[in-house]
Amino acid sequence: ELFLETDNLPEALKSFQIVIKAAADWAPAHVGVAKTIAGENPPMAAAAAEEALKIDPDLADAHLVLAGLDLDNTRYDAARERIERVLKTNPSHLDARALLGAIAYVRDDKATFDAETARVLAINPNFGEVYRVAGDLAARLYRFDEAVALTRRALELSPSNTRAQSELGLHLMRT
């Protein structure tokens, strides 16, 4: 997980594969593989996430990886269905709520975006991810000025979020 968080993808993949060899039925390792390769090999990432769901059908991270892959292909309804599965198990899942808000944002549904944001911030007032995720999805649609504003808002709430800092730099370069 640490390798994944620090973008050392080759080491993350190697570590997750070692864990799978030792315990093939540990679903989080399959999700780790999925997260690690999602950017370069989405079909294999989806297969790894599906493998995790065979082991643990309620594993939120696996559903959210698949939702992210759906979002990469602008399949918003499919992503929303996966997110709803997570929220059925845990209505307060912050990452799932952030993704729902992001979908609402890029679909120009301000009321739903504001409602999801308020719901998330009521649980954790420092969860800047709710804005970073919306900014990331906006950037995927070439809405870079909006991505900058959203990511700046994320950093106001959580200034030490290195992912948001990095993404802000990318969005600013694109504007």
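I18 has its side chain out of reach of K21: every pair of non-hydrogen atoms, C-beta onward, lies at least 4.5 Å apart. Taking 4.5 Å as the limit, every side-chain heavy atom of V86 sits out of range of all side-chain heavy atoms of R82. The closest side-chain heavy-atom distance from V130 to R97 is not below 4.5 Å.
The heavy-atom pair separating A96 from L87 by the smallest distance is CB-CD2, 3.8 Å. Nearest heavy-atom pair, P159 versus Q165, reported as atom, atom and distance to 0.1 Å: O-NE2, 2.6 Å. Pairing each heavy atom of A34 with each of A49, the nearest pair is CB-N, 3.8 Å. The two residues A67 and A79 come nearest to each other via the heavy atoms O-CB, 3.5 Å. Minimum interatomic distance between V106 and R143 (heavy atoms only, all atoms of both residues): O-NH1, 3.0 Å. Summarising the geometry of A52 relative to V31, their closest heavy-atom pair is CB-CG2, 3.5 Å, with the distance given to 0.1 Å.
Among residue pairs with one or both ends in residues 23-49, none qualify as side chain to side chain donor-acceptor pair (under 3.5 Å); sequence neighbours excluded. For residues 31-53, no residue pair satisfies the ring pair (Phe, Tyr, Trp, His ring centres under 6.0 Å) rule, not counting sequence neighbours. For residues 124-135, the side chain to side chain donor-acceptor pair (under 3.5 Å) pairs, not counting sequence neighbours, are E129-R132, E129-N161, R132-E167. Sorted by first then second residue, the side chain to side chain donor-acceptor pair (under 3.5 Å) pairs that include residues 67-81, not counting sequence neighbours, are D70-R75, D72-R140, D77-R107.
Every residue two or more places apart in sequence or in another chain that forms a salt bridge (Lys or Arg N to Asp or Glu O under 4.0 Å) with E11 is listed here: K14. D114 is linked by a side chain to side chain contact (heavy atoms under 4.5 Å, CB included) to K110, counting only residues two or more places apart in sequence or in another chain. The ring-ring contact (aromatic ring centres under 6.0 Å, His included) search around F16 returns none, not counting sequence neighbours. Here R153 pairs with E156 under the salt bridge (Lys or Arg N to Asp or Glu O under 4.0 Å) rule; sequence neighbours left out. Residues that satisfy the side chain to side chain contact (heavy atoms under 4.5 Å, CB included) test with Q17, not counting sequence neighbours, are L13. Residues satisfying the side chain to side chain contact (heavy atoms under 4.5 Å, CB included) criterion with A134, sequence neighbours excluded, are A102, Y105, F113, L150.
Tracing side-chain contacts under 4.5 Å through hydrophobic residues (I, L, V, M, F, W, Y), one reaches L4 starting from M44; they form part of the same cluster. A continuous path of ILVMFWY side-chain contacts below 4.5 Å connects V133 to I123, so both sit in one hydrophobic cluster. Both L121 and L99 belong to a common hydrophobic cluster when Ile, Leu, Val, Met, Phe, Trp and Tyr are linked at side-chain heavy-atom distances under 4.5 angstrom. Cluster membership check: V19 does not share its hydrophobic cluster with F3, using side-chain heavy-atom separations under 4.5 Å among Ile, Leu, Val, Met, Phe, Trp and Tyr. Side-chain heavy atoms closer than 4.5 Å link hydrophobic residues (I, L, V, M, F, W, Y) into clusters, and following such links, even through other members, never connects L155 to V120.
The closest donor-acceptor contact from the side chain of S166 to the backbone of R163 lies at 3.5 Å or more, if one exists at all. Not one N or O on the side chain of T151 forms a donor-acceptor pair closer than 3.5 Å with the backbone of V148.
Atom CG of residue D136 and atom CG of residue L71 lie 9.5 Å apart, to the nearest 0.5 angstrom.
Applying side chain to side chain contact (heavy atoms under 4.5 Å, CB included) to L100 and the options E116, H93, R119 leaves one that passes, E116.
Residues Y142 make up the rest of the hydrophobic cluster containing F144, defined by ILVMFWY side-chain heavy atoms closer than 4.5 Å, directly or through other members.
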Check: residues 57-64 side-chain donor-acceptor pairs under 3.5 Å, at least two apart:
residue: H63; atom: NE2; partner: P57; partner atom: O; Å: 2.9

